[in-house]
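For reference, the structure discussed in these notes is given below.
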Amino acid sequence: MYFKLAWRNMWRSRRRTLITVSSIFFAVIFAILMRVAIIGLFDKLISDTVSLSSGYIQVHHSGFWENRSVDSTFEESPKLTALLDHETAVTAWTPRLESFGLASSGDRTKGIMVVGIDPEKENKVSNLSKKIVAGKYLDENDRGIILAEGLALYLKLKVNDTVVLIGQGYEGNMASGKYAVKGIAKIGIPEMNKGMAWLSIAAARNFLSTGARYTSISILINNQNNLDGLKKSIISKTKGEHYEVMTWKEMIPELDQLFQAKMAQNVIMSGVLYLVIAFGIFGTILMMLNERLHEFGILIAIGMKKSLLAVVVVLEMVLMSVAGVVLGSVCIYPLVLYYHLHPIRLTGDMGKSSELYNIEPVMPFSTNLSNFIVQGYVVLLIAVVLSLYAIFKIYKIKAIAAINS
Amino acid sequence: MSNIIESKGLSKTYNPDTIPVHAVNNVDLAVEEGEFTALVGPSGSGKTTLLNLIGGLDYPTGGKVMIEGVDITKMSENKLIDFRLKNIGFVFQAYNLIPVLTASENVEFVMLLQKTSKSQREKRAIELLTEVGLKDKLDKRPSELSGGQQQRVAVARALASKPRFILADEPTANLDSASTENLLDIMAKLNKEDNMTFIFSTHDQRVIDKARRVVTLVDGKIVSDTKK
Ligand SMILES: Nc1ncnc2c1ncn2[C@@H]1O[C@H](COP(=O)(O)OP(=O)(O)OP(=O)(O)O)[C@@H](O)[C@H]1O
Ligand SMILES: [Mg+2]
């Protein structure tokens, strides 16, 4: 019956409730849209960048990340790979042997990153085979090369053409080789698209004269919350060996910083929306206290404890907020899902500026439920905090004065 | 018979520091179980103030109020709320009811506060509303009832908590003469049949005529007290 009372009271001044609920409704919709757009954009950006470069977590020879030299390599270690296979937080892992080098064809030369990969394992981490737009993906021990699309364009190379690679190999050896272009991969991140190439790990070892060595093992994880825990776990299990374990946030801090800065902006913009909601809710509370003073007096006179009265009033505010949040979330979810499946392609100035930031101009919305739940928490928190004022006022009510009002 | 209400030297002074108003001035009043008492007197004589003090809605500035031997003027506000719930029924002048609840829900509400079971609440609400002649208005909201009907629901609600007595401050002030008579008849019947104690204030001579004891206040003092 207390619930019934709160529910019916909520519909008592129908217009006011509708205004309050719809202000929450629209604010929640805007807040969700802003959030899923920015988080979706960065989820994709981070996953694209990280999966092809550092991995979410990378195990390498200590010091490698600083000098990036093929001299800081390590030998294949069944112990290490067995350990990774046992970590439940690891979704997939792949060994890489990477090095800077020069790629040339005809009169054109470009500095690039050459990555030796295990084609099958690599695919589980970066989905590289799906990015092939011409030719074929690598086989194990393949002798061909895959060029990023922008690089191929710059070097004016097509599938089956030949590219010359020059670089510095293991322990100061000169590295050089000629490779037939087996495939061309289109990479979303503009910078990577202009300067990456992939060899099979066998071919890369041959090129760099490293023998059975890697520069790194890159790890894919599905749940970002496991990032630091997994890092710690690997470190503790490889104690005493010359490995260094780093997260992508440590390896590519500028990406994390960009994300944090965008999120901070997002929080401020949502904050403004929530301020509007807060005023709406507070206005409702003030009017409610005013209109129902007589009734509150009667209730207290006939024996209703103020604490119970406060609970019913807060319940009413919470109901109103939940209605706004739930309606907003339910109504906007289909749109979010649509833009998740059919990402918005940024064009014009927005597209250009995203390229400046080295971001692929595609914005798939995030459908992560936490983006919706977080709005619920925030609005509820606002309602509850503002209800404290109502509680305070209720405790100050004098029954007689209230009845006479 | 024993007194259920007893006031000794009861006083309430408003604005003691500026222009003091002795709204209730040294009142000794004893009420026995089963009385049907009217509180009369000119406007401003202190009827409402006295009822509020007896009902534990306000604290006196002097004297005490004993309800069945318990001094309620020493109770904390929270305790008093509970005491009122268990012992006192109230009928106010108007707008007694919760607008969003139906007649029977209004009656049930007090029992809900007393944590009575749902089935008992519903049963008793129907009984009480039948007793005040509103059997066919159970599901009506206050706005769908006449003023007299609303006051009868208020009486049923006051009874619902099984109080020791019912206080009514000018319960008929907003009613036409037919409704006034009807409400008083119901109260008198409850008094006679169930021995329910009523104390009500009024200006209405026809209401005074129905009382069995009339206490007259002037300037906060009892100037006459007659039993019929
Ligand atoms: N809250 C208050 N502050 C100051 N004075 C008050 C207050 N309440 C009542 N009074 C004064 O106390 C006196 C008694 O008032 P009370 O309301 O008890 O009279 P009453 O007999 O009920 O009058 P009425 O017949 O008009 O209802 C009046 O002089 C009134 O002005
Ligand atoms: Mg009065």
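All of these numbers come straight from a predicted model, not from anything done at the bench. Hydrogens, waters and symmetry mates are skipped; everything else that's a heavy atom, side chains included, is used.
Contacts of B/Glu77 with chain A are made by side-chain atoms alone, with heavy-atom separations under 4.5 Å and no backbone atom involved. Proximity to chain B is limited to the side chain of A/Lys4, based on heavy atoms less than 4.5 angstrom apart. Both the backbone and the side chain of B/Asp58 come within contact range of chain A, with heavy atoms under 4.5 Å apart. For a residue to count as touching a neighbouring chain, one of its non-hydrogen atoms must lie under 4.5 Å from one of that chain's; by this rule B/Phe109 touches chain A with backbone and side chain alike. Of the two parts of B/Glu105, the backbone and the side chain both hold a non-hydrogen atom closer than 4.5 Å to a non-hydrogen atom of chain A. Contact annotation for B/Ala154: neither backbone nor side-chain heavy atoms come within less than 4.5 Å of a heavy atom of chain A. For B/Tyr95, the parts sitting under 4.5 Å from any heavy atom of chain A are the backbone and the side chain alike. Within the 4.5 angstrom heavy-atom criterion, only side-chain atoms of A/Ala399, from C-beta onward, approach chain B.
Taken from CE in A/Met304 to CG in B/Leu85, the straight-line distance is 10.5 Å, to the nearest 0.5 Å. Atom CG in A/Leu308 sits 8.0 Å away from atom CG in B/Leu112 (nearest 0.5 Å). Considering CD1 of A/Ile400 and OG1 of B/Thr48, their distance stands at 9.5 Å, rounded to 0.5 Å. Between atom NZ of residue A/Lys305 and atom CG of residue B/Asn78 there is a gap of 5.0 Å, rounded to the nearest 0.5 Å. The CG atom of A/Leu5 lies 5.0 Å from the CG atom of B/Leu101; values are rounded to the nearest 0.5 Å. With values rounded to the nearest 0.5 angstrom, A/Ile302 atom CD1 is found 6.0 Å from B/Ile98 atom CD1.
Atom CG of A/Asp256 has more than 12 heavy atoms from other residues, nucleotides or ligands within 6.0 Å. Within a 6.0 Å radius of CD1 in B/Ile19, no more than 12 heavy atoms belonging to other residues, nucleotides or ligands are found. Remark: A/Phe26 CZ is loosely packed, at most 12 non-hydrogen atoms of other residues, nucleotides or ligands lying under 6.0 Å away. Annotation for B/Tyr14: atom OH counts as buried by contact number, over 12 foreign heavy atoms lying within 6.0 Å. For OH of B/Tyr59, the number of neighbouring non-hydrogen atoms (other residues, nucleotides, ligands) closer than 6.0 Å is greater than 12. Within a 6.0 Å sphere centred on NZ of B/Lys189, other residues, nucleotides and ligands contribute more than 12 heavy atoms. More than 12 heavy-atom neighbours from other residues, nucleotides or ligands sit within 6.0 angstrom of OH on A/Tyr2. Within 6.0 Å of the CZ atom in A/Phe372, the count of heavy atoms belonging to other residues, nucleotides or ligands exceeds 12.
For the options B/Arg141, B/Gln114, B/Gln93, heavy-atom pairs under 4.5 Å to chain A are most numerous at B/Arg141.
One N or O on the side chain of B/Arg84 and one on the backbone of A/Ala301 form a donor-acceptor pair closer than 3.5 Å. Judged by distance alone, with hydrogens and angles left aside, the side-chain atoms of A/Arg8 form no donor-acceptor pair with the main-chain N or O of B/Pro99 at under 3.5 Å.
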Under the side chain to side chain contact (heavy atoms under 4.5 Å, CB included) criterion, do A/Trp11 and B/Val100 qualify, and how do the steps go?
CA-CA 9 Å; A/Trp11 294 109; B/Val100 295; over 6 Å; no

